[in-house]
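Please read the structure below before turning to the comments.
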2 protein chains.
Amino acid sequence: MKRRAEPCVGAIEAGGTHYKCALGTADGQILRSATFATTGPDATVGQAIDFFAAHGSELGALCVAHFGPVDIDRGSPRYGQVLETPKPGWAGLDVLGRYGAALGVPTVLQSDVNAAAVGEGALGAAQGLRDFVYVTIGTGIGGGVMIDGRLLNDGRHPELGHMHVGRLPDDPFPGCCPFHGDCLEGLAAGPALRARWHRGGEDLPADHPAWDMQARYLARMCMNLALCYAPQRIILGGGVMQPKGLLERIRSRFAEAMNGYMCPAGALEDFICASPMNGEAAIRGALILAGRALPPAPARATLGTATP
Amino acid sequence: MKRRAEPCVGAIEAGGTHYKCALGTADGQILRSATFATTGPDATVGQAIDFFAAHGSELGALCVAHFGPVDIDRGSPRYGQVLETPKPGWAGLDVLGRYGAALGVPTVLQSDVNAAAVGEGALGAAQGLRDFVYVTIGTGIGGGVMIDGRLLNDGRHPELGHMHVGRLPDDPFPGCCPFHGDCLEGLAAGPALRARWHRGGEDLPADHPAWDMQARYLARMCMNLALCYAPQRIILGGGVMQPKGLLERIRSRFAEAMNGYMCPAGALEDFICASPMNGEAAIRGALILAGRALPPAPARATLGTATP
């Protein structure tokens with residue numbers, strides 16, 4: 001691969017199931033990428049380091065967009081670490097230390113959903129908006145919140161997936177969050193669907209009652225997000241959002257739940273919408289965040305021909 | 001009253017039950033005040049205008065801290081108005097227009113709880129903090145959120161009191177919010193207590209089971225606030241927070257509900273605390289906000305002796 005005028009940046013989307021590495025540009029274009037299964041931290045981080053080491057001379061900075069919770073508060077003694085997570089072996093992992101030591105480039109840690117919010121703002125459904133929420137509903141539920149063009153609490157990121165929305169009276173499933181039982185994630189993430197209906201979301205037909213219940217839970221989530229953040233838009237992504245008709249059901253249940261109170265000014269189709277980024281919001285957002293971590297131009301002139 | 005070197009500022013705390021007017025300083029000190037019952041908008045606004053008109057030559061700017069929802073988005077066609085409220089006669093009132101026309105000074109509108117958050121930040125329990133939430137639990141439930149030292153969505157303020165936290169399984173009361181039934185406000189504001197237990201909070205002894213249920217609802221609220229905003233502190237005020245022991249119960253139920261997940265770094269006593277401002281957070285915050293609306297010094301030199 002030939003040298004570029006600007007250094008490449010690296011991004012990792014560290015998900016609970018898949019670990020994706022990309023080399024790209026500071027404006028979020030992916031040049032090459034690799035995806036592998038997330039196993040134990042040593043093996044997984046090792047694979048990622050191998051990917052970037054193979055392009056070491058080109059790499060100018062790295063952003064790791066990590067499944068939460070992670071400590072992204074620069075003032076914290078645990079800065080750069082994975083915090084309490086039900087995922088075996090990962091709690092306490094010093095993500096920043098591992099990658100920084102191995103690759104020797106400026107490295108930043110961000111939550112995967114915060115990176116996705118950055119991606120949606122720059123390249124996706126939130127272009128031109130200053131106040132929006134991105135939520136992914138998959139193995140877990142997590143959200144990135146942009147307020148006035150800045151990530152909410154870039155120090156201690158929110159964990160809105162664990163909010164309480166209340167179990168529906170017709171739902172006998174007690175919830176499966178290992179921390180909270182019937183919090184939102186325990187009732188409406190992928191594992192909850194599987195545990196309640198005895199098959200995964202991908203095997204539940206579009207007319208199965210599962211989807212109306214799912215829509216009611218996600219509508220309550222959207223209601224709480226609308227009331228707590230007063231955003232211009234809520235963008236929903238993740239594997240559990242794929243079923244046809246689910247988005248429309250959520251909008252309809254949301255309108256019913258809000259009952260005319262503080263409703264968004266525009267059409268509901270503009271207020272609650274799907275991510276148009278084919279699952280690349282986080283990795284492309286992480287490239288953009290890595291770009292912001294590049295050293296100033298003079299310091300990186302040795303990496304290629306500096307542009308004026 | 002003798003002329004001052006700096007003009008006075010005016011503040012109104014327009015609550016659902018009481019309407020409080022104050023003349024004071026831009027750093028939040030009250031010089032004189034008057035409180036009367038909130039009745040219909042014409043009579044109430046008229047009384048407030050009379051109060052300020054009596055001190056007209058001294059008044060440099062006014063901030064109205066109003067019960068929500070109010071439109072505080074300067075780009076909105078309804079800017080300055082009271083929005084959907086169950087309070088008869090008030091929806092659609094052009095607050096800014098009425099006071100601006102009558103008093104002829106720069107006038108700003110803010111939600112009462114946003115003004116209270118400003119007051120707590122400057123003079124109360126949140127001094128020195130950049131990320132905190134103030135919540136009042138009274139006739140309604142409302143919150144003001146400060147993120148990185150700025151009010152959350154100073155354009156379209158949140159209405160977090162109407163979030164869904166889920167009705168408790170041992171609570172047969174269906175909720176009494178006219179919009180949402182069993183949203184948080186419908187389950188835990190003053191009118192809900194009265195409707196569920198057939199007497200007001202002030203008549204329920206400290207060992208009545210009402211308070212444990214109340215603590216569980218407010219703990220869930222605190223949980224959602226902690227997860228959604230990752231604040232440094234949650235400050236609870238309002239009439240329904242007065243009973244002895246309630247704050248301690250909320251902390252204990254909060255710790256139980258969070259179950260070790262993303263818990264605040266410091267002591268729980270520092271994370272969830274009572275307002276120390278004796279109910280003056282909103283009116284004093286509004287004086288500070290009015291101070292920010294004062295015209296630059298040259299323009300107001302005629303009001304008194306300009307200080308250098």
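Every chain is numbered from 1, with letters handed out A, B, ... down the list of sequences.
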I'd like to know if the side chain of [X] and the backbone of [Y] have a donor-acceptor N/O pair within less than 3.5 Å.
{"X": "B/Tyr134", "Y": "B/Ala282", "value": "no"}
{"X": "B/Tyr217", "Y": "B/Leu168", "value": "yes"}
{"X": "B/Arg220", "Y": "B/Arg253", "value": "no"}

Options A/Glu256, A/Arg150, A/Arg130, ranked by heavy-atom pairs under 4.5 Å with chain B, top entry:
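The candidate making the most pairs under 4.5 Å is A/Arg150.
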
So which of A/Val145, A/Thr85, A/Val165, A/Asp148 has the largest heavy-atom pair count under 4.5 angstrom toward chain B?
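Greatest number of close heavy-atom pairs with chain B: A/Val165.
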
Check the pair B/His180, A/Tyr261 against side chain to side chain donor-acceptor pair (under 3.5 Å), reporting the backbone distance first and the verdict last.
CA-CA 9 Å; B/His180 313 120; A/Tyr261 186 82; over 6 Å; no

Does any heavy atom of chain B fall under 4.5 Å from the side chain of A/Pro77, the backbone, both, or neither of them?
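Contact with chain B: none, neither part.
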
Looking at B/Ile147, B/Leu83, B/Asn224, which makes the most heavy-atom pairs under 4.5 Å with chain A?
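Sorted descending by pairs with chain A, the first entry is B/Asn224.
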
